[in-house]
Amino acid sequence: MKFNAAEIASVIQAEIEKYTDAIRVEEVGTVLEVGDGIARVYGLSNVMAGEMVQFPNGAIGLAFNLEEDSVGVTILGDYLQIQEGDEVKALGKLLSVPVGDAVIGRVVDPLGNPLDGKGPITSTETRPVEFTAPGVAGRQPVKEPLQTGIKAIDAMTPIGRGQRELIIGDRKTGKTTIAIDTILNQKTSGVKCFYVAIGQKDSSVRNTIKVLEDHGAMEYTTVVMAGASSPAPLQYVAAYAGTSMAEYFMYKGQHALIVYDDLSKQAVAYRQMSLLMRRPPGREAFPGDVFYCHSRLLERSAKLSKEHGGGSLTSLPIIETLEGEVSAYIPTNVISITDGQIYLQPDLFFKGIRPAMNVGISVSRVGGSAQVKAMKDKQVAGGLRLALAAFRELEAFAQLGTDLDAATQARLDRGSRMVELLKQPQYQPLEVVDQIMIIFAGNSGSLDEVPLNRVGEFETEFLQFVRDHKAALRSEILEKKELTPELKMALADTINQFKSTFVKKAK
């Protein structure tokens, strides 16, 4: 075997040219104690609040408490492999997650790692998990509708792009269903959707993902999952990570929707971390800054000004109450931060009125300006809230068994039909034009002679009749988004035309 001296010389020459004598400096510390997802570390004197640190087993931690002689670190991963005396390395950067089109259609954990078995996420861009909310000058008023596809909500507590609308109620009252229906209704709107599951059972999240897949919604949806078995630090970070992924599209001038399911479990995770870190407890043992924890999260949802691209991020935070206790600490906090709430009442739910929305307590503080003109019409949803509230009072009065005059009985009959009309099966969102037509039919008294148990059937068949025989009228309402006197007349004629066939069939 012969050696080629020139070849060896060229390799040595290349290595010499590449050689640098730069010293790599790393700040390291030592684990003093570890347990319950928390580590106390000595020696990281220059670490920043919220900076990432790395343990020997590859687990990432966040500098949470900066104390005089040690640092309290929350561990975002498996802490059982970490031992006292282990070396901890400061990474010199804040926690970031992958963003962009690569995360759409995926199920990820709060650090952006895939959980769906579809391979790695190849994103070229990342975004810090904590990010400053846009200021007053960078926003514009909410005036563009975000349709949920749910008649009761779009008519009485409408949501606009950039709004924060709280969904609140006891467990098992249909809170998640409203959020999922809203995601399903964005199929043709171009809105990117993010569903953040915090502290949920893995089986429940799996069922939600299956519903999204079955309805073709996973094509534009990302699920960020920190299940009930995830450590508290991951449950706490999940909401911020999901917001960063959604925010990316807002700053690109696009529209996004994020659902936090639910923030009461995130607050409990934050309380657990704070108490383990020996932070002083306040009301209900929550730390004093739990309000800031939610306000800095929800303030990131906005409708940006035209100078900033005009994008929007709409959020639907979910809060679970105990025994309808809306005045508890976390519910009152979040109510004060959001732009309205949809309150779901258990007794309405068990009566079969679904969505079980309490019209009196539910409110949208900005959505009215984002409602389409046709929906705001007095003959559609204009007076619907007051009419239903009056019906509830009248219904309570009628239960006393007093004799009612004909006019009062007629109002009761009309009200009970409107309640029946606003019922909606889950995972069947309606287009806004269909909602307008059917609510108009109810308000105009066209359903007064229809038996109560056939109101749902009337709705289904009427909407199908309009699609089959009056497609031009439907398209005109959809295009104009306003009910002119001519359109009202044409719609009334269509309702009467259908009603005659429906009544004959009933006989």
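This is a predicted model, so every value here is computed, not measured. Sequential numbering from 1 along the given sequence is applied to the chain's residues.
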Salt bridge or not between [X] and [Y]? Use side-chain N to carboxylate O under 4.0 Å.
X      : Y      : result
Glu219 : Lys187 : no
Glu213 : Arg206 : yes
Glu247 : Arg300 : yes

Steps toward side-chain contact (heavy atoms from CB on, under 4.5 Å) verdict (Val290, Arg271): CA-CA 8 Å; Val290 73; Arg271 174 172 67 185; over 6 Å; no

Between Tyr79 and Val34, which heavy-atom pair has the shortest distance, and what is it? O-CG2, 4.3 Å

For the student: nearest non-hydrogen atoms of Ile436 and Ala374, plus distance: CD1-CB, 3.6 Å

Quick one: does [X]'s side chain have a donor or acceptor within less than 3.5 Å of a partner on [Y]'s backbone?
X      : Y      : result
Gln345 : Ala356 : no
Glu320 : Ile168 : no
Asp116 : Val107 : yes
Asp170 : Gly324 : yes
Gln200 : Asp261 : yes

Kindly write out the residues that satisfy side-chain contact (heavy atoms from CB on, under 4.5 Å) with Arg354, not counting sequence neighbours, or none if the list is empty. Phe349

How are the rings of Tyr236 and Tyr270 set relative to one another: parallel (under 30°), tilted (30 to 60°) or perpendicular (over 60°)? parallel

Among residues at least two apart in sequence or on other chains, which ones pass side-chain hydrogen bond (donor to acceptor under 3.5 Å, both in side chains) with Ser364? Gln163

Hits for side-chain hydrogen bond (donor to acceptor under 3.5 Å, both in side chains) against Arg365, two or more places apart or cross-chain, chain-then-number order -> none

Taking everything shown except Lys143 itself, do over 12 heavy atoms lie less than 6.0 Å from its NZ? yes

Can you tell me if Arg283 has over 12 outside heavy atoms packed within less than 6.0 Å of its CZ? yes

Cation-aromatic face contact Lys192/Tyr220, 6.0 Å, 45 degrees: no

Is the NZ or CZ atom of Arg127 positioned over Tyr248's six-membered ring, under 6.0 angstrom from the centre and within 45° of the axis? no

Please walk me through it: do Ser327 and Glu325 pass side chain to side chain donor-acceptor pair (under 3.5 Å)? CA-CA 5 Å; Ser327 58; Glu325 191 57 69; 2.4 Å; yes

Apply side chain to side chain donor-acceptor pair (under 3.5 Å) to Ser189 and Gln186, showing your working. CA-CA 5 Å; Ser189 68; Gln186 306 314 310; 2.9 Å; yes

Stepwise side chain to side chain donor-acceptor pair (under 3.5 Å) test for Tyr427 and Asp214: CA-CA 10 Å; Tyr427 314 138; Asp214 291 348; over 6 Å; no

